[in-house]
> 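My questions all concern the structure below.
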There are 2 protein chains.
Amino acid sequence: MSHKKLFIPGPTEVLPDILEAMAMPMIGHRSKDYSALQGETTPKVQQCLYTKNQIIVSTSSSTGLMEAAVLNFVRPGKKVLACMCGAFSDRWSKIAKANNKDVIELKVDWGMGIHPEMIDDILAKQAEEIDLVLLVMNETSTGVLNPAKEIQAVVNKYRDAGVMMAIDAVSAMMVVPIKVDEWEVDFVLAGVQKAWSLPPGLAVAAMSERAIERANEVPHRGYYFDLLEYVKSNAKDQTPSTPAISQINALRVMATRILEQEGLENRWARHARQADMVRNWATSRGFEIFPEKGFYSQALTCVKNNLGISVADLNSALGKRGKMISNGYGKLKEETFRISHMGDIYEKDLEELLADIDDILGFK
Amino acid sequence: MSHKKLFIPGPTEVLPDILEAMAMPMIGHRSKDYSALQGETTPKVQQCLYTKNQIIVSTSSSTGLMEAAVLNFVRPGKKVLACMCGAFSDRWSKIAKANNKDVIELKVDWGMGIHPEMIDDILAKQAEEIDLVLLVMNETSTGVLNPAKEIQAVVNKYRDAGVMMAIDAVSAMMVVPIKVDEWEVDFVLAGVQKAWSLPPGLAVAAMSERAIERANEVPHRGYYFDLLEYVKSNAKDQTPSTPAISQINALRVMATRILEQEGLENRWARHARQADMVRNWATSRGFEIFPEKGFYSQALTCVKNNLGISVADLNSALGKRGKMISNGYGKLKEETFRISHMGDIYEKDLEELLADIDDILGFK
């Protein structure tokens, strides 16, 4: 099959040096070679997240670490507050319920953001009942970026009541800064196939000392996603069960490239420019931006299809030109379309894509 | 780092064409291209397992699907019978307990096998209490191959009482035949980094209609390992959460190679010859075979270190020659050593390895 360049919100385009890193010959995962690999990789991830916290390297998709949060951080009799603003945050509530957790649902319309005051209002009344707030930082289904820093600050006011927050940064990590230690983030996770621009199969998280203490108070955390097992194995730069060695090697190569070649701040700036570029293109062609103003994602742009184009036809025509964007997610299909500009998609790639779309839709 | 050829029980040696398959450019996991990939791969896995059952493709290590078994097949108030004969079967009991399941433990000394009569004796008395038997077919820590076919036949006598069995075939699948439909196996799992000879990061299972019915009777199966979600997604040749696309592509290439080039029966025969070769070498040098007679693994040979060599020194000397074997597992360290001969390790590789060991230990 001929390869299409991916402008979709994950998996994102993967560059040749990373594909080469995926093809490393195997090593034993209990060997010194493996410990050296993990031991070289996790400090780089710490540096990317501005933290000294434990790094969890999970052989799973992000969904696995979303489940880990509800399994590890909610004590018996306590509740979860799920902030729901799109398909993936809605699903986190479902994951909590599948694990028999008592969930309070804070729902906003798809396209709207989670405002810090909404959380403050709920915690002011119910902090004693709630052990864990679930926040999706960048909601891929609607293109909403929630103000995680400000929301974390609100949650931290209720620390003494036992409230913690888990942040799904699946399509935010490596797009915008996440300063774990400064913001006092207890748990933040992502899958590597989004803005890390690696093939899927690995999820990473940073976990604070406080999060470790909390997990110690929770019985029956399951096994595969028992985060204390990961912390224990981290002491030997290993994992509790067999790790996805190829993806970890790819992560090592990518983190090195970001830190030593592009630079973290240059990366954030590039993603901000790319987001501007796509939003400006969309509005200049008469489209509207779908999410609430002030909550625009830097990772992908969710465009409202107010011009009534056929998104399926557009994507099919783009496919013939070796490119792929995303239709709206679930109930937003054909109502919106999504162009991802995170990871290893660069300005010249977007210029070509937008010129192709102009040509296909007859703009200009 | 220079590559060492792996004679360890996983990850096993991975050949260049498979490493190349790991380096495939990314495709969207909700795209037709991906469905075509999964749709091409799973029928080949079915063929390798002699079954028409659903194939589960899990982005996790085997441990994840071991947990899936206890999460999906045990109804409230019912018990698990864990057959324990080494580190990995012992761990399955621990996984069940971590999920708050009531476990009956059938323990034999490390090195001994699970005899069908042992299961029959327990089920004859307690079948009504027990929903699930956990059997590790090939116990990698001790080199024991349990008679899964015969044990499945015993368990099947107690079907009307509700007893099911889950088989961990982690280091048995693709070494010896597993005839799922003929044996009436309800659930059998493996990780791809053992005798499939692929990089780790993916586990596969075959799941019967009866297993699906059972899961439907179990509330709170969690989310990531809820097998009914996989069955639902299989209808579209997709997975509930983002799959490890690279490993699935590698599995497609490998299954094709096995079915169309080597042939399944030739593969079983080769592994049997290789096992003979290593066992004969060991006994001719004065070593004993560690496991109980009649329960020798075809995947790896666990050699009793009755000659009192330093296994660590031997492996270190082998390392300088670009090869790696395994020390004994856990409490068997230095008491035994293990030579894996599964997957893409061939007779000429073993000849070289054994000649090196002879040379290092001063045999002949």
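Numbered from 1 within each chain, the chains take letters A, B, ... in sequence-line order. These numbers were taken from a predicted model, which means no experiment stands behind them.
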> Is a side-chain donor or acceptor of B:Ser197 paired with a backbone partner of B:Gly343 at a separation under 3.5 angstrom?
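Between the backbone of B:Gly343 and the side chain of B:Ser197 there is no qualifying donor-acceptor contact (under 3.5 Å).
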> Return the option, out of A:Gly10, A:Ala244, A:Pro11, A:Gly201, with the maximum number of heavy-atom pairs under 4.5 Å with chain B.
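Heavy-atom pair counts peak at A:Pro11.
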> Heavy-atom cut-off 4.5 Å, strictly under: side chain, backbone, both or neither for B:Gln193 against chain A?
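Only the side chain of B:Gln193 comes within 4.5 Å of chain A.
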> Is it true that A:Glu229 and B:Lys94 make a salt bridge, defined as a side-chain N closer than 4.0 Å to a carboxylate O?
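Yes, charged N to carboxylate O under 4.0 Å.
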> How long is the straight-line distance from OG1 of B:Thr142 back to CZ of B:Arg338, given to the nearest 0.5 Å?
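Answer rounded to 0.5 Å: 9.0 Å.
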> Give the member of B:Gly64, B:Ser58, B:Ala98 that has the highest number of heavy-atom pairs under 4.5 Å with chain A.
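Most heavy-atom pairs within the cutoff with chain A belong to B:Ala98.
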> Which residue out of B:Ser31, B:Pro243, B:Gly191 racks up the most heavy-atom pairs below 4.5 Å with chain A?
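Winner by heavy-atom pair count: B:Pro243.
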> Centre-to-centre under 6.0 Å for B:Tyr224 and B:Tyr230, is that the case here?
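For B:Tyr224 and B:Tyr230, the ring centres are not under 6.0 Å apart.
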> With chain B, which of A:Arg221, A:Met22, A:His220 has the greatest number of heavy-atom pairs at distances under 4.5 Å?
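That would be A:His220.
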> Just one of B:Leu15, B:Ile18, B:Asp17, B:Val14 clears the side-chain contact (heavy atoms from CB on, under 4.5 Å) bar with B:Met254, so which one?
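Considering B:Leu15, B:Ile18, B:Asp17, B:Val14, a side-chain contact (heavy atoms from CB on, under 4.5 Å) with B:Met254 is found only for B:Ile18.
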> Please classify the contact of A:Leu6 with chain B as side chain, backbone, both or neither, using a heavy-atom distance under 4.5 Å.
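Contact with chain B involves the side chain of A:Leu6 alone.
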> Nearest 0.5 Å, what's the CG-CE distance between A:Asp33 and A:Met26?
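Spacing of CG (A:Asp33) from CE (A:Met26) equals 11.5 Å.
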> From A:Ser246 OG over to A:Leu251 CG, what is the distance, rounded to the nearest 0.5 angstrom?
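A:Ser246 atom OG to A:Leu251 atom CG measures 12.5 Å (nearest 0.5 Å).
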> Could you tell me which portion of A:Ile8 (side chain, backbone, both or neither) has an atom closer than 4.5 angstrom to a non-hydrogen atom of chain B?
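The side chain, not the backbone.
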> Counting only non-hydrogen atoms closer than 4.5 Å, does B:Thr12 touch chain A with its backbone (N, CA, C, O), its side chain (CB onward), both, or neither?
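For B:Thr12, backbone heavy atoms alone lie under 4.5 Å from chain A.
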> Could you tell me which of B:Ala250, B:Gly222, B:Pro199 has the largest number of non-hydrogen atom pairs under 4.5 Å with chain A?
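The option with the most such pairs is B:Gly222.
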> Side chain, backbone, both or neither: which part of A:Gln247 has a non-hydrogen atom closer than 4.5 Å to chain B?
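For A:Gln247, the contact with chain B is made by the side chain alone.
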> What part of A:Thr242 gets within 4.5 angstrom of chain B, counting heavy atoms only: side chain, backbone, both, or neither?
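Its backbone and side chain both get close to chain B.
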> Against chain B, label A:Ser326 side chain, backbone, both or neither, depending on which of its atoms sit under 4.5 Å from a heavy atom there.
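A:Ser326 has no heavy atom closer than 4.5 Å to chain B.
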> Please check if the side chain of A:Asn99 supplies one atom and the backbone of A:Leu71 the other of a donor-acceptor pair under 3.5 Å.
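Looks like no, no N/O pair under 3.5 Å.
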> Which answer fits A:Lys5, side chain, backbone, both or neither, if we ask what part of it has an atom under 4.5 Å from a heavy atom of chain B?
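Neither part, no heavy atoms under 4.5 Å.
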> Given that the side chain runs from C-beta out, which part of B:Thr63 has a heavy atom under 4.5 Å from chain A: side chain, backbone, both or neither?
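Looking at B:Thr63, backbone and side chain both touch chain A.
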> Among A:Val103, A:Val80, A:Asp168, which one satisfies side-chain contact (heavy atoms from CB on, under 4.5 Å) with A:Trp92?
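Considering A:Val103, A:Val80, A:Asp168, a side-chain contact (heavy atoms from CB on, under 4.5 Å) with A:Trp92 is found only for A:Asp168.
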> Pick from A:Arg91, A:Met324, A:Glu67: which one has the most heavy-atom pairs with chain B under 4.5 Å?
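Looking at each of A:Arg91, A:Met324, A:Glu67 in turn, A:Glu67 comes out on top.
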> Nearest 0.5 Å please: distance from the CG atom of A:Leu332 over to the SG atom of A:Cys302.
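These two atoms lie 6.0 Å from each other.
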> Is A:Pro240 in contact with chain B via its backbone, its side chain, both, or neither, using a 4.5 Å heavy-atom distance?
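Backbone only.
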> Indicate yes or no: at least one non-hydrogen side-chain atom of A:Leu227 is less than 4.5 angstrom from one of A:Ile56.
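Answer yes - side chains close enough.
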> So which part of A:Arg30 gets closer than 4.5 Å to some heavy atom of chain B, the side chain, the backbone, both or neither?
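Answer is neither: A:Arg30 stays 4.5 Å or more from chain B.
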> Select one option (side chain, backbone, both, neither) describing which atoms of A:Pro16 are under 4.5 Å from chain B's heavy atoms.
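Contact with chain B involves no heavy atom of A:Pro16 at all.
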